[in-house]
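Hydrogens, waters and symmetry mates play no part in the numbers below; they use all other heavy atoms, side chains included.
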Amino acid sequence: MQTQQARCLPEFDMFPSPSRDSSFLHQAGRTSSSQPRGEFPGLRQIVREVETAWALRETSEVVGALNARMPSLIERYRPQLAGWNATTARSYRRVELHHCPVQGFQIVAMVWAPGQGTPVHDHRDQWGIESVWQGELEVVDFAVKEDAGHLLRLEPSRVSLVAAGQSLGFTPEHGLHLCRNPSPRDVTVSLHIYARTLDTFNAYVDVADGWYERREHTPSLEF
């Protein structure tokens, strides 16, 4: 007997509720915002692509399949991105687009004003995809050189400049990095897919001489 894979789309809300303001390491939780936007372009097709890749099961294959598909999805749907470049002065914006109640994956859009970025952070041992739809995103990976509990000595291990139309995937063992918009003028819009909801993770705060303090953080999220 054939079994049919459970799908997220029957639960999918085409028209999310009004947006909510977010900030990273400034304000946790969910706070209301009046930032205008429309539906993120191609979201229903993106959900289908994640479901298809999910059936591969092996983490490296799932990440590889999604990473390969994102450039064509961006090329197809990017012209419809109008309305998604509104920024806030305080921090970059994080907007949940979809959370699958079946497989558990999460899709989040992020909007970065010039120069905005994250501290070093992890992804709680899960895989992810980061694709750029407008502008550029600089991603700096870090390696752990010493671990003293809540203090770690970190060193940058790789710098990637992800341009519009490109995608970058990471597996659970390579998810320690920071992201920022390197442009002094242009807004960056990126789309992030996580294996499960990234409600809480660790931020790593530079304390001196390459040592970072690990602090649990619950980020804000717009809906």
Side-chain angles (χ1 to χ4, degrees), residues 20-33 59-60 63 87-96 99 104-132 135-162 167-184 187-223:
R20 298 169 183 251
D21 191 24
S22 69
S23 61
F24 189 88
L25 291 181
H26 297 277
Q27 180 176 345
R30 302 172 182 176
T31 55
S32 60
S33 168
T59 295
S60 60
V63 171
T87 62
T88 63
R90 184 175 52 199
S91 176
Y92 72 98
R93 297 172 58 205
R94 303 175 71 251
V95 185
E96 183 179 83
H99 172 218
F105 64 81
Q106 182 186 44
I107 303 175
V108 177
M110 300 188 190
V111 186
W112 317 71
Q116 287 182 340
T118 73
V120 182
H121 61 280
D122 62 26
H123 298 83
R124 288 292 172 94
D125 297 321
Q126 63 172 308
W127 60 260
I129 299 290
E130 297 171 331
S131 60
V132 177
E136 295 179 328
L137 193 66
E138 183 180 70
V139 180
V140 182
D141 294 329
F142 283 78
V144 178
K145 295 302 181 180
E146 293 184 59
D147 189 339
H150 71 288
L151 290 176
L152 297 92
R153 189 168 67 84
L154 306 179
E155 287 185 1
S157 58
R158 183 178 65 173
V159 178
S160 301
L161 187 63
V162 189
S167 178
L168 183 69
F170 59 85
T171 53
E173 60 272 21
H174 297 114
L176 185 63
H177 65 214
L178 65 77
C179 302
R180 73 180 190 97
N181 176 2
S183 174
V187 172
T188 292
V189 180
S190 56
L191 183 122
H192 303 247
I193 303 169
Y194 302 118
R196 59 184 183 275
T197 53
L198 198 62
D199 291 336
T200 302
F201 52 85
N202 294 312
Y204 297 79
V205 180
D206 190 351
V207 292
D209 300 325
W211 286 91
Y212 290 74
E213 183 179 6
R214 178 166 44 209
R215 301 178 185 174
E216 186 175 87
H217 178 63
T218 301
S220 298
L221 195 64
E222 301 179 24
F223 289 87

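Taking the six-membered ring where tryptophan is involved, the planes of His217 and Phe201 are perpendicular, since the angle between them exceeds 60° and thus also 30°.
To the nearest 0.5 Å, the span separating CG on Asp125 from CD on Glu173 amounts to 9.5 Å. Between atom CZ of residue Arg215 and atom CG of residue Asn202 there is a gap of 11.5 Å, rounded to the nearest 0.5 Å. Expressed to the nearest 0.5 Å, how far CG of Leu152 lies from CH2 of Trp211 amounts to 7.5 Å. For the atom pair Glu136 CD and Asn181 CG, the distance stands at 8.0 Å (nearest 0.5 Å). In this structure, CG on Leu178 lies 5.0 Å from OG1 on Thr118, to the nearest 0.5 angstrom. Here SG of Cys179 is found 5.0 Å from NE2 of His121. Values are rounded to the nearest 0.5 Å.
Between Val108 and Val95 there is no side-chain heavy-atom pair separated by less than 4.5 Å. Contact of the Val111 side chain with the Thr188 side chain is not registered, since no non-hydrogen atoms from C-beta on lie closer than 4.5 Å. Between Leu154 and Tyr204, some side-chain heavy-atom pair lies under the 4.5 Å cut-off. Using a 4.5 Å heavy-atom threshold, the side chains of His192 and Met110 count as touching. Side-chain contact between Asp147 and Arg214: present, with at least one pair of heavy atoms (C-beta onward) separated by less than 4.5 Å. Inter-residue side-chain proximity for Gln106 and Leu221 is flagged as met; some heavy-atom pair is nearer than 4.5 Å. By the 4.5 Å heavy-atom criterion applied to side chains, Glu213 and His150 are counted as neighbours. Side chains of Glu138 and Val159 form a contact here, defined as non-hydrogen atoms less than 4.5 Å apart.
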### Message
Using the rule given for side chain to side chain contact (heavy atoms under 4.5 Å, CB included), can you reason through Tyr212 versus Val120, listing the C-alpha separation, both sets of side-chain angles and the distance that settles it, and then say yes or no?
### Response
CA-CA 9 Å; Tyr212 290 74; Val120 182; 4.0 Å; yes
### Message
Apply salt bridge (charged side-chain N to carboxylate O under 4.0 Å, His left out) to residues Arg94 and Glu96 and explain how you reach the verdict.
### Response
CA-CA 7 Å; Arg94 303 175 71 251; Glu96 183 179 83; over 6 Å; no
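Leu168 approaches Ser160 most closely through the heavy-atom pair CD2-CB, 4.3 Å. Residues Ile129 and Phe170 approach most closely at N-CE2, 4.4 Å, considering heavy atoms. The shortest heavy-atom contact between Leu161 and Pro182 is CD1-CG, 3.8 Å. Minimum interatomic distance between Gln126 and Leu198 (heavy atoms only, all atoms of both residues): NE2-CD1, 3.1 Å. Shortest non-hydrogen contact noted between Val139 and Val162 is CG2-CG2, 4.2 Å. Across every non-hydrogen atom of Arg124 and Thr200, the tightest pair is CG-O, 3.3 Å.
Taking the six-membered ring for Trp and the full ring otherwise, the centers of Phe105 and His99 sit at least 6.0 Å from each other. Residues Phe142 and His177 keep their aromatic ring centres 6.0 Å or farther apart.
Between Trp112 and Ser190, the side chains place a donor N or O and an acceptor N or O closer than 3.5 Å (distance only, hydrogens not considered).
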